[in-house]
Amino acid sequence: MQILRGLQGKRTNIGLGDIRNTQQMAFLRHLQKEINQEEALNIPLHELNVVVFDIETTGFSPEKGDGILSIGATKMYGTTILEEDIFYSLVCYEKEIPEHIVQLTGITNEQVLEAEPLTDVLIKFLEYKQECTLVAHHANHERNFLQSASSLLFCTPFKHRIVDTSFLFKMIEPKMNMTTLEDLCNHNNIPVVGRHHALGDAKMTAKLWSIYLEKAQVIGCETLHDVYTRFARM
């Protein structure tokens with residue numbers, strides 16, 4: 001326990017854990033302030049830096065106590081996947097993982113008990129992300145969990161834009177009814193490898209993003225702003 005002198009000269013007991021949490025909150029807020037959401041909308045698609053990511057969770061409702069078990073990601077420049085520039089981490093989870101989630105993901109209770117806490121993993125993930133735009137398949141799932149975690153752990157909203165891959169494939173193939181990652185991969189001759197593993201899903205999503213980003217440019221979309229505008233007119 002450290003004893004610090006407050007603003008009015010009073011001695012205050014502050015644990016090392018409190019100091020660390022305060023530093024983490026300040027650092028995350030600093031990362032949030034540096035975001036320029038609008039700038040990415042006007043970058044040419046062939047020059048756009050993105051981080052395609054996926055999370056594995058214990059369920060679908062963070063508000064009901066479901067938690068993040070792992071985060072996986074890969075970076076891209078335009079349509080090029082930077083296969084060596086990846087991120088993956090398990091996340092400490094102290095509750096019992098539902099058995100069907102263990103079977104689905106292969107993530108065990110023993111593995112997550114030894115993993116880093118979510119606060120550390122999120123900060124490392126955002127440091128990895130840097131100025132890149134986030135991309136995810138059916139991004140509402142990722143957005144809901146990251147917003148919940150940011151609010152709960154750092155007392156700040158999650159301000160990073162997450163682009164949903166559906167904006168691209170629904171624009172390119174509006175009559176297509178497929179929505180699952182494996183169906184879209186099969187439709188585009190992408191091998192389904194590492195399904196329901198955060199990094200495996202991120203890599204497959206990156207391949208989808210690459211294919212549909214190229215098709216978006218062929219039909220005249222030069223920026224994300226063009227993609228959103230064209231999608232809104234459909």
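Just so you know, these numbers use all the heavy atoms, side chains as well, and skip hydrogens, waters and symmetry mates. By convention here, the first residue in the shown sequence is residue 1.
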Leu224 vs Leu48 side-chain heavy atoms within contact, under 4.5 Å: yes

Interatomic spacing from NE2 in His46 to OG1 in Thr223 - rounded to 0.5 Å: 11.5 Å

Separation between CE of Met76 and CG of Leu82, rounded to the nearest 0.5 Å: 8.0 Å

Flag side-chain contact, heavy atom, 4.5 Å: Lys129 against His160: yes

Single-linkage hydrophobic cluster Leu208~Val193, side-chain heavy atoms < 4.5 angstrom: no

Note, Phe154 side chain near Thr119 side chain (heavy atom, < 4.5 Å): yes

Donor-acceptor contact below 3.5 Å, side chain Asp164 vs main chain Ala139: yes

Heavy-atom pair of closest approach, residues Gly65 and Lys95: O-NZ, 3.5 Å

Asp183 side-chain N/O to Thr179 backbone N/O, donor-acceptor pair under 3.5 Å: no

Other residues, nucleotides, ligands: >12 heavy atoms within 6.0 Å of Glu94 CD: no

Single-linkage hydrophobic cluster, 4.5 Å side-chain cutoff, Leu153 and Phe145 together: yes

Residue pair Tyr212 / Asn188, side-chain donor-acceptor N/O under 3.5 Å: yes

His187 and Glu173 side chains, donor-acceptor separation under 3.5 Å: yes

Parallel, tilted or perpendicular: rings of Phe125 and Phe53 (30°, 60°): tilted

Greater than 12 external heavy atoms within 6.0 Å of Glu63's CD: yes

Heavy-atom side-chain contact between Val52 and Ile81 under 4.5 Å: no

Any Thr133 side-chain heavy atom under 4.5 Å of Asn49 side chain: no

Pairwise distance NZ(Lys203) to SG(Cys185) - rounded to 0.5 angstrom: 13.5 Å

Considering all heavy atoms, the nearest Gly59-His141 contact: O-CE1, 3.5 Å

Ile68 side chain near Leu118 side chain, heavy-atom distance below 4.5 Å: yes

For the student: nearest non-hydrogen atoms of Thr74 and Ala202, plus distance: CG2-O, 4.1 Å

Path from Tyr128 to Phe158 over hydrophobic side-chain contacts below 4.5 Å: yes

Closest non-hydrogen atom pair, Leu213 against Leu168: N-CD1, 3.8 Å

Evaluation steps, side-chain contact (heavy atoms from CB on, under 4.5 Å), between Val135 and Val51: CA-CA 6 Å; Val135 171; Val51 165; over 6 Å; no

Residues Leu69, Thr58; criterion side-chain contact (heavy atoms from CB on, under 4.5 Å); working and verdict: CA-CA 7 Å; Leu69 298 176; Thr58 60; 3.7 Å; yes

Exercise: identify the closest heavy-atom pair between Ala198 and Ser70: CB-OG, 3.5 Å

Reported CD1-to-CD distance for the pair Ile219 and Glu214, which is rounded to 0.5 angstrom: 12.5 Å

With Arg195, the side-chain hydrogen bond (donor to acceptor under 3.5 Å, both in side chains) member among Thr105, Asp201, Thr180: Asp201

Short side-chain to backbone donor-acceptor contact, Ser210 and Thr79, under 3.5 Å: yes

cation_pi(Lys75, Phe87) dist<6.0 Å, angle<=45: no

Whether Phe169 and His137 hold their rings parallel, tilted or perpendicular, with breakpoints at 30° and 60°: tilted

Glu222, CD atom: more than 12 neighbouring heavy atoms under 6.0 Å: no

Joint cluster assignment, Tyr93 & Leu113, ILVMFWY side-chain distance < 4.5 Å: no

Ile71: which of Leu199, Leu122, Leu90 passes side chain to side chain contact (heavy atoms under 4.5 Å, CB included): Leu122

Nearest-0.5 Å distance that lies between atom NE2 in His225 and atom CZ in Arg230: 14.0 Å

In one Ile/Leu/Val/Met/Phe/Trp/Tyr side-chain cluster, 4.5 Å: Ile172, Val163: yes

Worked verdict on Leu41 versus Arg161 for side-chain contact (heavy atoms from CB on, under 4.5 Å): CA-CA 10 Å; Leu41 292 177; Arg161 182 190 303 278; 3.7 Å; yes

Under-4.0 Å salt bridge between Glu116 and Lys124: yes

Flag for Asp66-Thr57: side-chain donor and acceptor within less than 3.5 Å: no

Rounded distance (nearest 0.5 Å) linking atom NZ of Lys207 with atom CG of Leu184: 14.5 Å

Closest non-hydrogen atom pair between Ile162 and Ala136, with its separation: CG2-CB, 4.0 Å

Min side-chain heavy-atom separation Cys221-Met171 under 4.5 Å: yes

Evaluation steps, side-chain contact (heavy atoms from CB on, under 4.5 Å), between Ile97 and Thr108: CA-CA 7 Å; Ile97 302 174; Thr108 67; over 6 Å; no

